[in-house]
Amino acid sequence: MSKLQPVRGTHDLLPEESRRHRHIVETGLAVSGRYGFGEIETPIFEFTEVFKRTLGEASDVVSKEMYTFTDRGGEELTLRPEGTASVCRALISGGQTQNLPAKFFYQGPMFRYERPQKGRMRQFHQIGIELLGAGEPQADIEVITCGADILDAIGVLGRTTLEINTLGDTESRQAYRAALVDYFGAHADALSEDSRRRLALNPLRILDSKDDGDRRLVDGAPSFDDYLNAASKDFFTAVTEGLDRLGVRFHRNPRLVRGLDYYCHTAFEFVTDALGAQGTVLAGGRYDGLVETMGGPAIPGVGWAAGIERLSLLAEGVAEPSRPIALIPVGPGGEAAALTLAHRLRRAGYSVEHGYSGNVGKRLKRAAKVGARAALILGDDELARGAVQLRDLDAGAQEEAPLDRIEESLARFR
RNA sequence: GCGGGUGUAGCUCAGUUGGUUAGAGCGCCAGAUUGUGGCUCUGGAGGCCGUGGGUUCGAUCCCCAUCACUCGCCCCA
């Protein structure tokens, strides 16, 4: 910490970037609101146990990716690495389990102690939705469609592909996992070092290995579809048929998997090739075992999360800030008039820039730079007869206008 | 956590086969224009050449370390 600098993997959001983020959040809130989701705000830290229980002690996430600390009271706390666990905790601790289904939208900062890359920060921001208490495929359809609608509203849907897969129910998944362990175990010599480790920890993950040798083995691996029982097949068919009926385009990716046991049935990701290795833009799935794993009742859930930074890199149609009216006083009388006029116009709803110093030329220059649409030049001569100079900064035209009815003259620059 | 690349002005980047005062464009400030922006012209400010150590008569340049950024891997709840 020799120099004054932000902590690694964190960054400041200056007004322009902040506006892009806000646009994404507000679009997500508005669109999800039409689906019946209401915003929930949970604390940005929880007892470490909240996240540990949902992840399993041995996982990489717990061992190296959580921001964990002990507070002055000796409590083990963790900055939230994701939103789902917090929302489920809120559902349980807030007694909302009697009021189902529950539909939440959330947004805000998340924290993961990772090596930063493009679109991957240690403090980053997500939007997400969770639909709890509905175990029907209609819920999956609604959640996925809501995600697609939000992506569409911010102009990124066209540059993404929806990949979707099923993990089946517990019975199907365990049967498939056993088959994979048999298959890859028989070819362990040919697996990459990473995948030999996955074989013991998380065999499903071998399916999306990036190693060429692994991929050749994966091509010959057992197919999940052969291990899905009838109930799992029916569920997945209902989801995909629903998406078809709504015109939501998707691509079946049999390699798309989730590692943890409480995931089941639908897994999906909207991916893009425009962001290097961080191609996942919005991802989610069904997690029927999670709430129970955390110590609550058996409540099914489905949801997704999306990284705002990544969305911001792709988003289009972010509104420019409103163009201000610039006030340019000349002389002491002008200064006094500008002070009160700025206040009056702001209360009337105008965005007003009040240059703080300099002569007329300098202030006009600054007005042009901040994008002012018009300037009011307040000179003693004009003020003496109750008037100001109104300058159209785009057209370069200028006219004298009465001060007491200046709102009428400014209306066309609003 | 592992591997590759890069750190020179506010920004984008040149440059020095190791040698006196390190450059450009853009931006910024001032003047031409004492009450009128954009265009133009003139001038100016702004650099521990990321940081620390080493080699050398001499290091922005070579070596080592460190920090940061960046790309990929692991991981991605």
Side-chain angles (χ1 to χ4, degrees), chain A residues 1-11 50-56 58-66 78 80-88 110-121 124 126 128 192-195 197-198 201-202 205 208-211 256-263 267 269 275-280 283-285 287 290 293-294 303-305 307 310 326 328-331 333-334 353 355 357-383 388-398:
Chain A
M1 214 177 70
S2 58
K3 276 203 308 197
L4 206 53
Q5 60 187 18
V7 173
R8 177 176 218 191
T10 68
H11 59 173
V50 169
F51 304 113
K52 253 190 188 169
R53 280 201 202 177
T54 65
L55 296 169
S59 74
D60 244 24
V61 174
V62 171
S63 62
K64 76 176 195 192
E65 292 185 11
M66 296 203 312
T78 294
R80 63 181 183 190
E82 52 117 16
T84 305
S86 301
V87 170
C88 290
M110 306 289 167
F111 305 83
R112 298 181 191 179
Y113 193 88
E114 297 185 285
R115 188 76 172 259
Q117 289 176 38
K118 185 196 198 79
R120 166 181 268 190
M121 297 282 122
F124 60 106
Q126 286 188 330
S192 67
E193 191 181 328
D194 283 331
S195 286
R197 192 164 44 79
R198 292 180 180 118
L201 284 172
N202 202 344
R205 277 278 168 205
D208 65 349
S209 170
K210 290 171 186 172
D211 181 86
L256 179 58
V257 294
R258 293 282 189 270
L260 298 166
D261 280 340
Y262 50 76
Y263 283 106
E269 295 185 355
L275 294 178
Q278 275 63 57
T280 302
Y287 49 87
L290 177 59
T293 300
M294 292 177 70
W304 52 254
R310 291 185 193 178
I328 300 184
V330 184
E353 268 306 318
S357 64
N359 59 27
V360 174
K362 187 168 305 184
R363 292 195 197 219
L364 269 173
K365 198 173 198 171
R366 223 176 282 142
K369 194 171 171 181
V370 299
R373 179 67 183 80
L376 292 176
I377 298 161
L378 313 173
D380 290 338
D381 294 348
E382 291 91 337
L383 287 170
V388 299
Q389 292 290 331
L390 169 55
R391 184 170 182 83
D392 181 335
L393 291 172
D394 286 352
Q398 186 167 318

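Treat the numbers as computed from the prediction; the structure is a model and nothing was measured. Any value given below was found using the heavy atoms of this structure, including those in side chains, with hydrogens, waters and symmetry copies removed. In what follows, chains are A, B, ... by sequence order, proteins preceding strands, each numbered from 1.
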Can you tell me which nucleotide in [options] comes closest to the side chain of [X]?
X: A/V330; options: B/rG35, B/rU36, B/rC74; result: B/rG35
X: A/R391; options: B/rG37, B/rA68, B/rG35; result: B/rG37
X: A/D194; options: B/rC74, B/rC76, B/rC69; result: B/rC74
X: A/A368; options: B/rG37, B/rG35, B/rC73; result: B/rG37
X: A/N202; options: B/rG35, B/rC76, B/rC69; result: B/rC76
X: A/R115; options: B/rG35, B/rC76, B/rU70; result: B/rU70

Indicate, with a heavy-atom threshold strictly under 4.0 Å, whether [X] touches base, sugar-phosphate, or nothing.
X: A/Y262; result: sugar-phosphate
X: A/R112; result: base
X: A/N359; result: nothing
X: A/G285; result: nothing
X: A/G331; result: nothing
X: A/R198; result: sugar-phosphate
X: A/E269; result: nothing

Tell me the partner of [N], counting only Watson-Crick (N1-N3 plus N6-O4 or O6-N4) or G-U wobble (N1-O2 and O6-N3) with both under 3.5 Å; none if nothing fits.
N: B/rG37; value: none
N: B/rG1; value: B/rC73
N: B/rU21; value: none
N: B/rA68; value: B/rU6
N: B/rC62; value: B/rG54

message: Please report the interatomic distance OG(A/S192) to CZ(A/R197), rounded to the nearest 0.5 Å.
response: 9.0 Å
From A/I328 atom CD1 to A/E353 atom CD, the distance as rounded to the nearest 0.5 Å: 11.0 Å
statement: Between A/A375 and A/L364, the two heavy atoms sitting closest are CB-CD2, 4.2 Å
field: Where A/F111 and A/F124 come nearest, the two heavy atoms and their spacing
entry: N-CE2, 4.1 Å
Gap between atoms [atom1] and [atom2], on [X] and [N] respectively (whole Å):
X: A/D208; N: B/rC76; atom1: CG; atom2: P; result: 9 Å
X: A/R197; N: B/rC73; atom1: CZ; atom2: P; result: 14 Å
X: A/L376; N: B/rU36; atom1: CG; atom2: P; result: 17 Å
X: A/R8; N: B/rA68; atom1: CZ; atom2: P; result: 5 Å
X: A/R366; N: B/rG38; atom1: CZ; atom2: C1'; result: 16 Å
X: A/L201; N: B/rC76; atom1: CG; atom2: P; result: 10 Å
X: A/R120; N: B/rC69; atom1: CZ; atom2: C1'; result: 16 Å
X: A/Q126; N: B/rC76; atom1: CD; atom2: P; result: 15 Å

Rounded [atom1] spacing from [N] to [M] in Å:
N: B/rA59; M: B/rU21; atom1: P; value: 12 Å
N: B/rA14; M: B/rA22; atom1: C1'; value: 11 Å
N: B/rC74; M: B/rU55; atom1: C1'; value: 38 Å
N: B/rA77; M: B/rC13; atom1: C1'; value: 42 Å
N: B/rG25; M: B/rU40; atom1: P; value: 13 Å
N: B/rC49; M: B/rA68; atom1: C1'; value: 16 Å
N: B/rG3; M: B/rA24; atom1: P; value: 41 Å
N: B/rC11; M: B/rG54; atom1: C1'; value: 34 Å

- prompt: Where each residue is assigned the nucleotide of RNA chain B containing its nearest heavy atom, which of A/K369 and A/L364 is assigned the position nearer the 5′ end?
  reply: A/K369
statement: Of A/K365 and A/V257, the one whose nearest nucleotide on RNA chain B sits closer to the 5' end is A/K365
Would one find a side-chain N or O of [X] under 4.0 angstrom from OP1 or OP2 of [N]?
X: A/K210; N: B/rC73; answer: yes
X: A/R53; N: B/rA77; answer: no
X: A/Q117; N: B/rG72; answer: yes

message: Would you say that more than 12 heavy atoms from the other residues, nucleotides or ligands in this model lie under 6.0 Å from the OH of A/Y262, or not?
response: yes
A/T84/A/L290 under side chain to side chain contact (heavy atoms under 4.5 Å, CB included): CA gap, chis, key distance, verdict: CA-CA 9 Å; A/T84 305; A/L290 177 59; 3.6 Å; yes
task: Under the side chain to side chain contact (heavy atoms under 4.5 Å, CB included) rule, what do A/R53 and A/V50 come out as? Steps first, then yes or no, please.
output: CA-CA 6 Å; A/R53 280 201 202 177; A/V50 169; over 6 Å; no
query: Do you see a donor-acceptor pair shorter than 3.5 Å between the side chains of A/E82 and A/Q126?
result: no
- prompt: Any donor-acceptor pair under 3.5 Å between the side chain of A/Q398 and the base of B/rG35?
  reply: no
